[in-house]
J.: 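My questions will all concern the structure given below.
Just the heavy atoms: all of them, side chains too, but no hydrogens, waters or symmetry mates, feed the values below. Just so it is clear: chains get the letters A, B, ... in the order the sequence lines come, proteins before strands, and each one is counted from 1.
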There are 2 protein chains.
Amino acid sequence: MPKLSEAPSHIQVLRASHLMASLSEEHLLGIAGDSKLAHAERGELIWLNGTETNFFGVVGTGFVKMMRSTPTGQDVTTELMGPGQVFGLLGVIDGSGCPQSAQAVCATWYLQVPKARFLEVYDQNLILKEKLLKRTTHRLRNSYAMFARMSAGKVEQRIASILLILAESYGIEQGAEVLIDVPLTRQDISEMAGTTVETTIRILSKWQKSGLVATQKHRIILQKPELLAEMV
Amino acid sequence: MPKLSEAPSHIQVLRASHLMASLSEEHLLGIAGDSKLAHAERGELIWLNGTETNFFGVVGTGFVKMMRSTPTGQDVTTELMGPGQVFGLLGVIDGSGCPQSAQAVCATWYLQVPKARFLEVYDQNLILKEKLLKRTTHRLRNSYAMFARMSAGKVEQRIASILLILAESYGIEQGAEVLIDVPLTRQDISEMAGTTVETTIRILSKWQKSGLVATQKHRIILQKPELLAEMV
DNA sequence: CCAGGAATATGACGAAGATCATACTATTCG
DNA sequence: CGAATAGTATGATCTTCGTCATATTCCTGG
């Protein structure tokens, strides 16, 4: 039995979420009461594509990747959700379920918010709806941006793009360097870049040798972010 | 001067749009009155990425492609908008402008709806907001689906995917065959599939020879849609 | 502290597809 | 009607990257 990291409290998780935090104290407590805190190991599937779920998730600690499996069996990661981020919500709202799989990238605590309870609140909360549209708009744009980069560029550029995007969301600046504070394997990165592990390893090794990036304990440090940005 | 196809009326264009048609007659007429019907030749830019616009568009007749130019100069088409479809709306609503370029793929009539006028109506129309979220959700999912196909598959599969998706939106069934009723060049298709014209031509030529598809006057006919679907 | 599994690393090889070059075919315009 | 331009076609060559094979290193649990 692996030792679990400290579990966050229900209400803590909700408060840390930009989207959820816009609810009134009363609603927040109500939802927190009905939700269930769950833990997932690295690699554990939270749900499988298309599965009709009666809950959506809010990441507490750790990371969850949203992915689609292509007919040929290859997995492609479309989004990486970190602490405070909500996943599978859109499928709950329009009742069609989430077409993507959700999988933990590392030991992760997340909150399972039951559909019925949330919809009651959602239906009469205009601010929440506005926020959701804003967030969805933002995701759509990011998706198009990634789409363009992934379908046009060479593999090096794709990997560079991925690292830069991750740095934007989860980067911690350390002087001129940026630490991407997500425990990712080369396999994870290759799934985001739509390439193979071997190629990813080769490129990252090359970059390590030339002092572009460094890795420590599954965490990547961009030592020359500007140079990386130049090559995309 | 090229002879223009018959211009549709303002109100006709709005009524043909699923999104706009949900407005009240009064609002619809108001917006129609303030809008401007515009024409664009094949290849004409309607706006360039990021340009702050004071209008969004509704396609009347013809087609508009939304695209991003990568730093390396290659264009990638993310969406193809046909009659009744709205483009650039999200940028108007959140005031940030549209990050993509809009370009006519053929002679196109479209309506320019001024930002200010529309926002008045939008701000107090709940149904419209709901519809917009639904539409945006749908686009986001499509985008992820395409993303997965484009970053994983081989070029043949990518092109097959593109054709099937186009057939879904703009296909006219003719017995077992499907005519994609959009005038597209190989160049257009290659931009959607993220590949080169030459490769696209080679693959389509091969498919023509084997009776999978046929082309007439920039329009593609899927003769064996099932076979195409099998290969994605 | 050692064993075993997971992650990283590296080489050899081949196939897919980009690039360059050139020709052919339609459609449009003067 | 004939020239010009945009689109389609096809071959030759070179690169990139996927595939397979095999080490090596790093962790974690017993």
Side-chain angles (χ1 to χ4, degrees), chain A residues 1-5 41-44 70 72-76 103-107 150-160 162 182-191 193-210 213-221 231, chain B residues 1-5 41-44 70 72-76 103-107 150-160 162 182-191 193-210 213-221 231:
Chain A
M1 172 118 181
K3 67 163 179 281
L4 302 181
S5 59
E41 285 305 305
R42 154 152 187 85
E44 197 177 322
T70 61
T72 59
Q74 197 178 346
D75 291 336
V76 180
Q103 187 179 25
V105 268
C106 58
M150 292 304 119
S151 58
K154 300 223 180 301
V155 173
E156 281 209 12
Q157 302 176 310
R158 302 218 296 264
I159 294 182
I162 294 289
V182 188
L184 291 171
T185 65
R186 312 285 135 127
Q187 175 71 47
D188 291 327
I189 294 172
S190 74
E191 277 174 21
T195 180
T196 58
V197 216
E198 293 94 326
T199 303
T200 306
I201 287 174
R202 271 184 244 272
I203 290 172
L204 285 179
S205 297
K206 197 178 81 182
W207 287 351
Q208 285 197 50
K209 275 166 198 156
S210 62
V213 305
T215 40
Q216 47 174 245
K217 221 176 150 347
H218 289 173
R219 244 156 275 248
I220 295 177
I221 298 168
M231 54 187 287
Chain B
M1 171 118 184
K3 69 162 177 284
L4 302 182
S5 58
E41 285 304 305
R42 153 152 188 85
E44 197 177 323
T70 62
T72 59
Q74 197 176 347
D75 290 336
V76 179
Q103 187 181 26
V105 279
C106 59
M150 292 303 120
S151 58
K154 301 225 179 301
V155 172
E156 279 208 13
Q157 302 176 308
R158 302 217 297 264
I159 294 182
I162 294 290
V182 187
L184 292 171
T185 65
R186 312 284 135 131
Q187 175 72 45
D188 292 326
I189 294 172
S190 74
E191 279 173 20
T195 180
T196 57
V197 216
E198 292 95 325
T199 303
T200 306
I201 287 174
R202 271 183 244 271
I203 289 172
L204 285 179
S205 297
K206 197 178 80 181
W207 287 352
Q208 286 197 51
K209 275 165 197 156
S210 61
V213 305
T215 40
Q216 47 174 246
K217 220 176 151 352
H218 290 173
R219 245 156 274 246
I220 295 179
I221 299 168
M231 55 186 288

J.: Starting at NZ of B:K206 and ending at P of D:dT8, how long is that distance when rounded to a whole Å?
T.: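 For the pair B:K206 NZ and D:dT8 P, the rounded distance is 19 Å.
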J.: Rounded to the Å, how far apart are A:I203 CD1 and C:dG11 P?
T.: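 Roughly 15 Å, once rounded to whole Å.
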J.: In the 5'-to-3' direction, what one-character label does each nucleotide of nucleotides 9-15 of chain D receive under the scheme B = base within less than 4.0 Å of a protein heavy atom, S = sugar-phosphate only, - = no such atom?
T.: BBBB---
J.: Could you report the tightest heavy-atom contact between A:G153 and A:R158, atom names first, then the distance?
T.: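 Reported closest heavy-atom pair: O-NH1, 3.4 Å.
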J.: By side chain to side chain contact (heavy atoms under 4.5 Å, CB included), which residues pair with A:E156, not counting sequence neighbours?
T.: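 Expected list: A:I203, A:K206, A:W207, A:M231.
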J.: What pairs with B:T195 under side chain to side chain donor-acceptor pair (under 3.5 Å), at least two apart in sequence or on another chain?
T.: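 Partners of B:T195 by the side chain to side chain donor-acceptor pair (under 3.5 Å) criterion come out as none, since no residue qualifies.
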J.: Calculate the interatomic distance between A:Q187 atom CD and C:dT8 atom P; express it in whole Å.
T.: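 Rounded to the whole Å, the gap is 9 Å.
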J.: Nearest whole angstrom, please: distance from the P of D:dG29 to the CZ of A:R42.
T.: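 So the two atoms are 14 Å apart, to the nearest Å.
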J.: What is the distance, rounded to the nearest whole Å, between atom CG of B:L184 and atom C1' of D:dT8?
T.: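 Computing the B:L184:CG to D:dT8:C1' distance gives 15 Å.
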J.: How many whole angstroms separate atom CD of B:Q216 from atom C1' of D:dG7?
T.: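 Rounded to the whole Å, the gap is 17 Å.
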J.: State which residues pass side chain to side chain donor-acceptor pair (under 3.5 Å) with B:R186; sequence neighbours excluded, sorted by chain then number.
T.: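 B:R186 satisfies side chain to side chain donor-acceptor pair (under 3.5 Å) with B:T215 only.
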J.: Please report the distance, rounded to the nearest Å, between CD in A:Q74 and C1' in D:dT19.
T.: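 Roughly 13 Å, once rounded to whole Å.
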J.: Mind checking what makes side chain to side chain contact (heavy atoms under 4.5 Å, CB included) contact with A:T70, not counting sequence neighbours?
T.: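 Result, side chain to side chain contact (heavy atoms under 4.5 Å, CB included) vs A:T70: A:T72, A:Q74, A:V76, B:A152.
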J.: Would you say A:T195 places a side-chain N or O within less than 4.0 Å of OP1 or OP2 belonging to D:dG18?
T.: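 Yes, because at least one side-chain N or O of A:T195 sits under 4.0 Å from OP1 or OP2 of D:dG18.
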J.: Taking 4.0 Å as the cut-off, does a side-chain nitrogen or oxygen of B:T199 come that near to OP1 or OP2 on C:dG17?
T.: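 Negative; the distance criterion is not met.
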J.: With each end axis built from five pairs of C1' atoms, what bend angle do you get for the helix from C:dC1-D:dG30 to C:dG30-D:dC1? Round to 10°.
T.: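 It works out to 40° between the end axes.
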J.: With B:E198, which residues qualify under side chain to side chain donor-acceptor pair (under 3.5 Å), at least two apart?
T.: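 Testing B:E198 for side chain to side chain donor-acceptor pair (under 3.5 Å), a comparison that skips the adjacent residues, returns none.
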J.: Check each residue of residues 151-160 of chain A for a non-hydrogen atom within less than 4.0 Å of any atom in DNA chain D, then write out the ones that pass by number, or none.
T.: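 DNA chain D contact set from residues 151-160 of chain A: A:K154, A:V155.
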J.: So, do A:T200 and A:T196 sit near enough that their side-chain heavy atoms are less than 4.5 Å apart?
T.: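 No, side chains not in contact.
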J.: Tell me, please, which residues at least two apart from A:R42 pass side chain to side chain contact (heavy atoms under 4.5 Å, CB included).
T.: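 Per chain and number, A:R42 pairs via side chain to side chain contact (heavy atoms under 4.5 Å, CB included) with A:V105, A:T185, A:D188.
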J.: So, using side chain to side chain contact (heavy atoms under 4.5 Å, CB included) as the criterion, who are the partners of A:S205 when residues are at least two apart?
T.: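 Partners of A:S205 by the side chain to side chain contact (heavy atoms under 4.5 Å, CB included) criterion, ordered by chain and then number, come out as A:I201.
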J.: Can you measure B:H218 atom NE2 to C:dA26 atom C1' for me and round it to whole angstrom units?
T.: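 Answer to the nearest Å: 8 Å.
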J.: What are the two closest heavy atoms between B:V213 and B:L204, and how far apart are they?
T.: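 So the two residues come closest at CG2-O, 4.2 Å.
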J.: Just N and O in the side chain of A:T185: are any of them under 4.0 Å from OP1 or OP2 of C:dA7?
T.: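 Result: no.
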J.: Could you tell me whether the side chain of A:R219 reaches within less than 4.5 Å of the side chain of A:P183, counting heavy atoms only?
T.: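 Counting from C-beta outward, A:P183 and A:R219 do come under 4.5 Å.
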